[in-house]
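What follows is a short report on a single structure.
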Amino acid sequence: MQAKLNPQGTAKINFPGFQEILDFTSAGSESSVSVNVSGDTDKEYIIIVRNLDADAINITLNGDTGSNYGYQYLLNSGGTISAARGTNGYIFTCGALAISTCVLLTPTSLSKSGYQYETQYTSGTTIQVNKVWTKIWNNTANVTSITATIASGNFTSGTNITIYARRS
Amino acid sequence: MIIGNLAGLINGTETVIFDYEVTGSPISSVSTGNILNGNEDGWYKIIIFMPPHATYYAPRFRLNNDSGANYGYRAIHTTTASTTSTSHTGLNQVISIDGNVNNAGFSVSFLYAKNGAVRLLNTISNGRMTGTTVSNIVSSGSVWSNTVDNLTSITFIDVTGNLAVGTRLLILKSNNFTNGTPTGIITTPYIKGSWLNVGTHICGSNENSFTISSLDGNRDVLYLIDFAYYGGGASGNVAITINGDTANNYGRLSVHAASTSISRASGATNCIRTGYVAAANTYQTGQILIFAKSGFVRPVITTLLDTTTGTTIGNIALWAQSWNNTSSNITQFTFTDQNGTSKILQYSQFTIYALRPNG
């Protein structure tokens with residue numbers, strides 16, 4: 001049997017897969033956007049950022065902006081291949097004029113971790129950066145919020161942040 | 001109350017909107033037709049499987065069939081010998097797979113499609129597989145410099161001549177979620193063409209092995225396996241085997257970075273790997289994408305971190321693997337602690353999603 005959805009209605013669909021929980025496009029007057037979640041329930045998020053600004057957009061969990069996030073990346077910047085490890089104050093980032101596609105896993109009672117792919121544009125047909133990050137948040141608490149904040153000023157109008165959660 | 005399965009576009013989730021398999025004879029190009037609306041849809045995921053062929057081995061695609069010099073590319077390009085930079089400007093197509101004769105290839109591209117700015121793509125590809133020999137893995141970024149036109153179509157080509165028989169082209173999109181007040185709730189176990197959770201395992205205690213079965217790889221076409229586990233030991237990480245195959249039937253090429261050091265590893269192995277370096281009581285996290293349909297070697301792409309404690313990540317690793325079995329339908333995945341001492345610790349989680357483009 002095929003169920004038909006009344007296209008004029010708005011029904012909540014429950015199914016064991018990814019469901020959109022945030023689709024934010026900036027008007028240019030905002031500096032951050034946040035969504036409340038329950039990581040222990042959802043277990044997984046997909047976060048997509050298209051940044052039209054010259055400043056980076058950083059993603060944090062539970063409002064934590066401390067150096068509680070570890071990273072290891074592999075990078076091609078302008079033709080130079082490099083890698084580095086360290087800590088910073090965000091789980092994911094999207095650099096200037098870039099896109100980032102991020103996967104975050106939030107198992108109960110374990111640290112939260114994931115990875116992202118980032119591509120940063122310069123001008124014309126020139127890609128400046130291709131970068132793969134792995135990240136960890138050294139905290140076993142339930143994730144209750146995901147926040148995107150621009151490093152300086154407001155988002156450039158048209159900047160988009162989309163988040164999907166695994167719902168069942 | 002379950003009232004049946006749903007098909008068609010469902011707001012707020014990713015769904016297959018284009019699915020094409022080349023049959024009969026090689027074909028010079030495949031167009032989606034004007035089925036896309038980039039400004040409304042926002043983004044697309046483009047998945048390409050390339051079968052081995054003696055002549056055709058370089059699938060590409062064009063946005064709005066733009067064949068002008070309007071595309072750019074930069075990649076982290078890894079072979080068995082080196083990890084190097086590759087870049088191009090003024091291309092007339094998006095590079096998906098850096099293939100080779102008689103090799104299979106597999107790529108996944110994420111395209112942000114709204115106009116008003118250039119269109120950017122992230123792509124990861126496993127470009128050259130034959131048997132258990134895997135010869136490249138490439139992470140790349142691409143640009144289409146057109147900022148004005150709404151994206152309405154994608155045209156697939158092969159710059160060596162034709163798209164070979166067995167080529168599979170898939171496009172997924174997410175319809176915008178309507179934020180109105182719900183007037184009801186529909187619960188369904190399944191949405192055709194959307195990622196379906198076909199198995200989740202969360203360790204209630206320390207475990208040694210478990211199996212997720214009752215799968216149908218030929219129906220599902222693509223599997224996505226997410227893992228986040230704590231444990232491990234000096235003898236290895238969690239090994240994933242297909243249909244109980246524990247022989248050295250899996251090819252691999254991987255690139256890893258630990259701090260500033262970059263290295264590679266290759267050769268046949270006995271599993272799909274979930275880590276590069278093994279150590280006790282550490283975190284391993286990642287995602288595995290498998291093109292599961294039989295008829296050809298099965299390609300695998302993995303992104304992961306391993307041997308992580310506190311805020312210190314041991315390694316980032318990108319893996320290109322192959323399962324050198326062309327005939328068997330995939331029916332199960334087994335997850336096994338390579339230490340054999342129940343080192344998959346409590347709370348570790350593993351999930352398998354299936355795509356089922358045709359329902």
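Worth knowing before you read on, the calculation uses all heavy atoms, side chains too, and leaves out hydrogens, waters and symmetry mates.
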Q.
So for B:T309, is it side chain, backbone, both, or neither that comes closer than 4.5 Å to the heavy atoms of chain A?
A. neither
Q: Starting at OG of B:S109, measure out to OH of A:Y117 and round the result to the nearest 0.5 Å.
A: 11.5 Å
Q) Can you name the nearest heavy-atom pair linking B:S140 to A:T119, along with the distance? A) O-OG1, 4.1 Å
Q: State, to 0.1 Å, how close A:L110 and B:Y230 come at their nearest heavy-atom pair, and which atoms those are.
A: CD2-CB, 4.0 Å
Q: Indicate yes or no: at least one non-hydrogen side-chain atom of B:L120 is less than 4.5 angstrom from one of A:I127.
A: yes
Q) Looking only at heavy atoms, which of residues 200-207 of chain B get nearer than 4.5 Å to chain A? A) B:T200, B:I202
Q: Step by step, work out the side chain to side chain contact (heavy atoms under 4.5 Å, CB included) result for A:N76 and B:T86.
A: CA-CA 9 Å; A:N76 180 342; B:T86 306; over 6 Å; no
Q | Heavy-atom contact with chain A under 4.5 Å, split by part of B:W43 | A | side chain
Q) Relative to chain B, which segment of A:K135 carries a heavy atom at a distance below 4.5 Å: side chain, backbone, both, or neither? A) backbone
Q. Can you list the residues that meet the side chain to side chain donor-acceptor pair (under 3.5 Å) rule with A:T134, with sequence neighbours excluded?
A. none
Q.
Could you go through A:I81 and B:I76, starting from their C-alpha distance and side-chain angles, then the distance that decides it, and tell me whether this counts as side chain to side chain contact (heavy atoms under 4.5 Å, CB included)?
A. CA-CA 7 Å; A:I81 300 290; B:I76 302 169; 4.2 Å; yes
Q) A:L52 versus chain B, heavy atoms under 4.5 Å apart: side chain, backbone, both or neither? A) side chain
Q. So do the side chains of B:L305 and A:S113 get within less than 4.5 Å of each other, counting heavy atoms only?
A. yes
**Q.** Pairwise distance OG1(B:T311) to CD1(A:I136) - rounded to 0.5 angstrom
**A.** 8.5 Å
Q | Structural part of B:L318 lying under 4.5 Å from a heavy atom of chain A | A | side chain
**Q.** When B:S145, B:A317, B:S139, B:S261 are compared by non-hydrogen pairs under 4.5 Å with chain A, the top option
**A.** B:S139
Q) Between B:V255, B:I124, B:L304, which shows the greatest number of heavy-atom pairs under 4.5 Å with chain A? A) B:I124
Q) Checking B:L91 against chain A: side chain, backbone, both or neither under 4.5 Å from a heavy atom? A) neither
Q. Counting heavy-atom pairs under 4.5 Å to chain B, which of A:V129, A:I99, A:L97 comes out on top?
A. A:I99
Q: Select, from B:G286, B:S348, B:G116, B:S259, the one with the greatest count of heavy-atom pairs under 4.5 Å involving chain A.
A: B:S259
Q: Select one option (side chain, backbone, both, neither) describing which atoms of B:A258 are under 4.5 Å from chain A's heavy atoms.
A: both
(Q) Could you check whether any side-chain heavy atom of A:I48 comes within less than 4.5 Å of a side-chain heavy atom of B:F110, counting everything from C-beta outward? (A) yes
Q. Based on non-hydrogen pairs under 4.5 Å, which of A:G70, A:A83, A:G78 is most in contact with chain B?
A. A:A83
Q | Residue part contacting chain A, namely of B:I316, when any heavy atom lies under 4.5 Å | A | both
Q. Nearest 0.5 Å, what's the CG-CD distance between B:D306 and A:Q72?
A. 10.0 Å
Q | Residue pair A:L74 / B:A257: nearest heavy atoms and the distance that separates them | A | CD1-CB, 4.4 Å
Q. CD1/A:I46 to CD/B:Q287 distance, rounded to the nearest 0.5 angstrom?
A. 7.0 Å
Q. Closest heavy-atom contact between B:Q349 and A:P107?
A. OE1-CA, 3.2 Å
Q: Kindly compute the distance separating CZ (B:F227) from CG (A:L105), expressed to the nearest 0.5 Å.
A: 9.0 Å
Q. Quick one: does A:K43's side chain get under 4.5 Å of B:T351's, heavy atoms only?
A. no
Q. Who wins among A:Q128, A:K131, A:K112 for the most heavy-atom pairs under 4.5 Å with chain B?
A. A:Q128
Q. Under a 4.5 Å cut-off applied to non-hydrogen side-chain atoms, are B:Y112 and A:N160 in contact?
A. yes
Q. Are the side chain of B:R74 and the backbone of A:N130 linked by a donor-acceptor contact shorter than 3.5 Å?
A. no
Q: Identify, with sequence neighbours excluded, every residue that meets side chain to side chain donor-acceptor pair (under 3.5 Å) alongside B:Y283.
A: A:S111
**Q.** Under 4.5 Å from a heavy atom of chain B, the part of A:Q120 involved
**A.** neither
Q: Check each atom of A:W137 against the heavy atoms of chain B and say whether the ones under 4.5 Å are side chain, backbone, both or neither.
A: neither
Q) Quick one: of A:T87, A:T106, A:V132, A:N68, who has the most non-hydrogen atom pairs under 4.5 Å with chain B? A) A:V132
Q: Let me know if B:T308 has heavy atoms under 4.5 Å from chain A in its side chain, its backbone, both or neither.
A: side chain
Q: Go through the steps to decide whether A:T140 and B:Y347 satisfy the test side chain to side chain donor-acceptor pair (under 3.5 Å), and finish with yes or no.
A: CA-CA 11 Å; A:T140 60; B:Y347 305 120; over 6 Å; no
Q) What part of A:N139 gets closer than 4.5 Å to chain B, counting heavy atoms only: side chain, backbone, both or neither? A) neither
**Q.** Portion of A:V103 that has a non-hydrogen atom of chain B nearer than 4.5 angstrom
**A.** side chain
Q. Taking the side chain as C-beta and beyond, is there a heavy-atom pair between A:R85 and B:T312 under 4.5 Å?
A. yes
Q | Interchain contact, A:T25 with chain B, by part (heavy-atom threshold 4.5 Å) | A | side chain
Q: For the pair B:Y353 and A:F18, name the ring-plane relationship: parallel under 30°, tilted 30 to 60°, perpendicular over 60°.
A: tilted
Q.
Main chain of B:G90, side chain of A:T125: is a donor-acceptor contact present, judged purely on distance under 3.5 Å?
A. yes
Q | ring-ring contact (aromatic ring centres under 6.0 Å, His included) partners for B:Y276, two or more places apart | A | B:H256
